[in-house]
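Every chain is numbered from 1 and lettered A, B, ... according to where its sequence line falls, protein lines coming before strand lines.
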Protein chains: 2
Amino acid sequence: MRPTVNDIAHAAGVSLATVDRVLNARPGVRKVTIERVNKAIEELGYVRDLSAANLARRRTYRFVFVLTEGDSQFQRTLRETIEEVAKNAARERMMVETVLVPPGDPHHLARVLHGLEDDRAEGVAIMAPETPHVRDAIRHLKENGIAVVSLVSDLPNTDQDHFVGIDSIAAGRTAGVLMRRFLCKNKGKVLVLSNTMILRESVERRLGFDAALIESYPEIEVLPSIEWRDDPDRLERNVRAAFASYDDIIGVYVTGPGNRLFSRVLAPYRQEHDLVYIAHELTDHTRAGLADGSIDVVITQDIGHVVRSTLRVLRAKVDKTEIDAAQERIRIDVVLKENMG
Amino acid sequence: MRPTVNDIAHAAGVSLATVDRVLNARPGVRKVTIERVNKAIEELGYVRDLSAANLARRRTYRFVFVLTEGDSQFQRTLRETIEEVAKNAARERMMVETVLVPPGDPHHLARVLHGLEDDRAEGVAIMAPETPHVRDAIRHLKENGIAVVSLVSDLPNTDQDHFVGIDSIAAGRTAGVLMRRFLCKNKGKVLVLSNTMILRESVERRLGFDAALIESYPEIEVLPSIEWRDDPDRLERNVRAAFASYDDIIGVYVTGPGNRLFSRVLAPYRQEHDLVYIAHELTDHTRAGLADGSIDVVITQDIGHVVRSTLRVLRAKVDKTEIDAAQERIRIDVVLKENMG
DNA sequence: TGACTCTTGAGTGACGTACCTCAAATTTTT
DNA sequence: AAAAATTTGAGGTACGTCACTCAAGAGTCA
């Protein structure tokens, strides 16, 4: 049988109350006594029973995900995953809510975040671009004792507690090195596409991509990023212009969402061009692209892992307990048709 | 506040005892009453509080990992990971024990498994080659109501409940396609190495590798697998022979553990040969190989994930609850220097 | 010495569920 | 309609921890 607090008390020759004080870092215990208790804990190999602890604490965690609206496959998958994970989280007394804010409206976002201060949640997970308003709102949240975690898109210059996601520069570098290897010393141009460069990871991925590709492979020219900002026509125009200007385009790299649209735009040019196509984020569409061979590699992160990790981290922050770095590290996944699973 | 069993009882107009009978599928409740209770559960959105349930059940799980001895980096990492995960598992009342058996001794293994029948464990996780003795022992375990899960190395023709690990054929295929792409249409021979082909995954990886490489790239000849069976001299002899016979070796594929040894053996030949080196299992050594560029790709699985998943699956099997397929699927990780993390 | 603080003991009632007993109510069978 | 079987109610104890109270003991200072 596992030792309980009672066993510890007995072994240490103190009362239950003292053990409790030590365990929960309550004041009013002498140093020597603390050590005696800790020694007993060590010797008996006591570990706190989480079930009982949670029950007694009758703590229910309220966490809010704040996401920007959008109907890209990625965002849709994210929302679905949150919903699904939330269901299981309920068993562990975590109530998860999702709030959507319109994209490109930092004021609205800041208002929403401020609204969370008064007792709506003890933890907030944010995926949104970093702006002064957001920085401000996050500081307020933290001042009110609310845990703040960013997911997918880092908010490094804020008071956030943690970022759950991948290193975008490394992700871009991974894309770059794969592009380099898949291009097999051919000379030519590489097209880089991004719906918007407002999100920092778009910029960082491009950075890493260029670094990995150009530094070791100067025969390749990486063209300036094509942005289309939710405007399909602009995308089409720019792509047409690119293929008109250069007949040696041999690779395309899409740094973020938008593969569904871009694939359609790209289709007419694929017959005459043998392209290496590298994309980000595994979704139904990129999955299909891998399967039919139109996409060569997808660099991605496991969304389920991201969401579960976010909740674990939020809980750890609220409880002020350690987080298991190994478990919470999100890997940069390289997905080919063969290991798609 | 979350609804409790009491709320359900009240809402359904029955007593606590009846709700309890319904929830735990105990006999002695009329169908109509069951439905009434279920309706209340549905309406109030009741979810069983796992903490309280586990506490009340005062269930402690005893799980045993049965592994073959060995000092390869992979096995070492696996053991360390189990130990670490076990520490956290203790908080959730799971006592994890590891038993090592000498490799290549199916009788010993079978004896150990039989020894687990009488009350030593309610769940067993096995990583070992499949033999008739093992099949037999697993059947006995199952007959005694013990959950059996294999990890890393599948035991498909046994009565096991589940396999936690990757599809070896797909892993081999992934290695094959990466080899093909990294070789860039060069002609030549590829060396395949495997300590032993007794474990089924060695065979399967080779199978997948050949399929992906040869079918779409016939200019390459994949040489017969070199086995060394824990004998460094044999490895060295065979490698020497291979490089003596062929001067157009352009790739090497190590299908399992043994990269540390093999790297040493290979070193003298690397100066004159430009090789693509693909390995399996991310360990300290293969990590270092990626970092210094001597290894190009490592195909691996997240051991931490495997071990945690194994415990979750065992618990689910013991509790006869559903397992979350998405969470328990182990991905085939493709690791380059750039996304090593 | 007394007044004071700091430390410890002893005990209690949650938390939500599991599992048990015994008796009463209800339905089914004879 | 009586007997038997089934279904339901009422209540209790337990699980291990948390969080609290109240009182008593030890130690410190003037």
Side-chain angles (χ1 to χ4, degrees), chain A residues 1-41 44-61 90-95 315 318-321, chain B residues 1-41 44-61 89-95 318-321:
Chain A
M1 267 294 115
R2 291 177 39 163
T4 74
V5 273
N6 276 297
D7 301 324
I8 302 300
H10 191 252
V14 298
S15 77
L16 205 64
T18 303
V19 175
D20 179 64
R21 289 180 183 114
V22 174
L23 276 177
N24 297 292
R26 279 188 253 279
V29 188
R30 269 186 309 168
K31 225 180 231 150
V32 278
T33 316
I34 293 181
E35 271 157 25
R36 201 138 49 94
V37 171
N38 280 330
K39 193 160 145 269
I41 288 175
L44 297 191
Y46 168 81
V47 271
R48 199 200 224 87
D49 185 319
L50 264 196
S51 295
N54 285 336
L55 182 58
R57 266 194 253 266
R58 63 160 156 278
R59 155 152 246 145
T60 57
Y61 305 86
R91 278 167 216 288
E92 297 172 55
R93 340 169 77 85
M94 319 198 316
M95 330 245 299
R315 201 174 44 182
V318 170
D319 291 346
K320 298 192 198 315
T321 59
Chain B
M1 268 296 114
R2 290 176 40 164
T4 73
V5 274
N6 274 297
D7 301 323
I8 302 299
H10 190 252
V14 299
S15 78
L16 203 65
T18 303
V19 176
D20 179 65
R21 290 180 183 113
V22 173
L23 276 177
N24 297 292
R26 281 186 251 280
V29 187
R30 270 187 308 169
K31 226 177 233 151
V32 279
T33 316
I34 293 182
E35 271 155 26
R36 200 137 50 93
V37 172
N38 280 330
K39 191 158 146 273
I41 288 175
L44 297 192
Y46 168 83
V47 270
R48 197 200 290 272
D49 185 319
L50 268 193
S51 293
N54 284 335
L55 181 59
R57 265 195 253 267
R58 65 165 155 285
R59 155 150 246 147
T60 58
Y61 306 85
R91 280 167 216 286
E92 298 173 54
R93 340 168 76 85
M94 319 193 337
M95 330 243 301
V318 170
D319 291 345
K320 298 194 197 313
T321 59

Nearest-Å distance, [atom1] ([X]) to [atom2] ([N])?
{"X": "A:R26", "N": "D:dC20", "atom1": "CZ", "atom2": "P", "value": "7 Å"}
{"X": "B:E92", "N": "D:dT17", "atom1": "CD", "atom2": "C1'", "value": "16 Å"}
{"X": "B:D20", "N": "D:dA10", "atom1": "CG", "atom2": "P", "value": "15 Å"}
{"X": "B:N6", "N": "C:dA14", "atom1": "CG", "atom2": "P", "value": "13 Å"}
{"X": "B:K31", "N": "D:dT8", "atom1": "NZ", "atom2": "C1'", "value": "18 Å"}
{"X": "A:D319", "N": "D:dT17", "atom1": "CG", "atom2": "P", "value": "16 Å"}
{"X": "B:R2", "N": "C:dG16", "atom1": "CZ", "atom2": "P", "value": "9 Å"}
{"X": "A:R59", "N": "D:dC18", "atom1": "CZ", "atom2": "P", "value": "13 Å"}

* With sequence neighbours excluded, residues passing side chain to side chain donor-acceptor pair (under 3.5 Å) with A:R315 -> A:E92
* For B:D49, which residues count as a side chain to side chain donor-acceptor pair (under 3.5 Å) partner, sequence neighbours excluded? -> A:R93
Please tabulate, one pair per line, each protein N/O and nucleotide N/O from nucleotides 26-29 of chain D that are separated by under 3.5 Å, including the distance.
none

* Asked: Hey, what do you get for CG (A:L55) to CG (A:L50), rounding to the nearest 0.5 Å?
  -> 12.0 Å
Check: protein-nucleotides 23-25 of chain C nitrogen or oxygen pairs below 3.5 Å:
none

* Considering residues at least two apart in sequence or located in another chain, which fulfil the side-chain contact (heavy atoms from CB on, under 4.5 Å) criterion with A:A56? -> none
* Under the side-chain contact (heavy atoms from CB on, under 4.5 Å) test, residues paired with A:R59 that sit two or more places apart -> A:R57, A:Y61, A:V318, A:D319
* Flag the pair B:I41 / B:L23 as yes when at least one side-chain heavy-atom distance between them is below 4.5 Å, and no otherwise. => yes
Find every protein N or O atom lying less than 3.5 Å from an N or O atom of nucleotides 9-13 of chain C, and list the pairs.
from: C:dG9; atom 1: OP2; to: A:S15; atom 2: N; distance (Å): 2.7
from: C:dG9; atom 1: OP2; to: A:S15; atom 2: OG; distance (Å): 3.2
from: C:dG9; atom 1: OP2; to: A:T18; atom 2: OG1; distance (Å): 2.6
from: C:dG9; atom 1: O6; to: A:R21; atom 2: NH2; distance (Å): 2.9

* Report the end-to-end axis angle of the helix from C:dT1-D:dA30 to C:dT30-D:dA1; each axis comes from five terminal pairs, and the value is rounded to 10°. => 20°
* Near DNA chain C, under 4.0 Å by heavy atom, which residues of residues 46-55 of chain B? -> B:Y46, B:R48, B:D49, B:A52, B:A53
* **Qualifying side-chain hydrogen bond (donor to acceptor under 3.5 Å, both in side chains) pairs, either residue in residues 20-31 of chain A, two or more places apart** => A:D20-A:N24, A:D20-A:R26, A:N24-A:R48
* Asked: For C:dA18, does either OP1 or OP2 sit under 4.0 Å from a side-chain N or O belonging to B:R58?
  -> no
* When all nucleic acid strands are considered with a 4.0 Å heavy-atom cut-off, which category describes A:N24: base, sugar-phosphate, or nothing? -> sugar-phosphate
For residues 3-18 of chain A, run the donor-acceptor check on the side chains, cut-off 3.5 Å, and write out each pair with its distance to 0.1 Å, sequence neighbours left out.
from: A:T4; atom 1: OG1; to: A:N6; atom 2: N; distance (Å): 3.1
from: A:D7; atom 1: OD2; to: A:T4; atom 2: N; distance (Å): 2.8
from: A:S15; atom 1: OG; to: A:A17; atom 2: N; distance (Å): 3.3
from: A:S15; atom 1: OG; to: A:T18; atom 2: N; distance (Å): 3.4
from: A:S15; atom 1: OG; to: A:T18; atom 2: OG1; distance (Å): 3.4

* Asked: Any idea which of C:dG16, C:dT8, D:dG16 is nearest the A:T4 side chain?
  -> D:dG16
* **Test item: A:R2 side-chain N/O and B:M95 main-chain N/O as donor-acceptor pair under 3.5 Å** => no
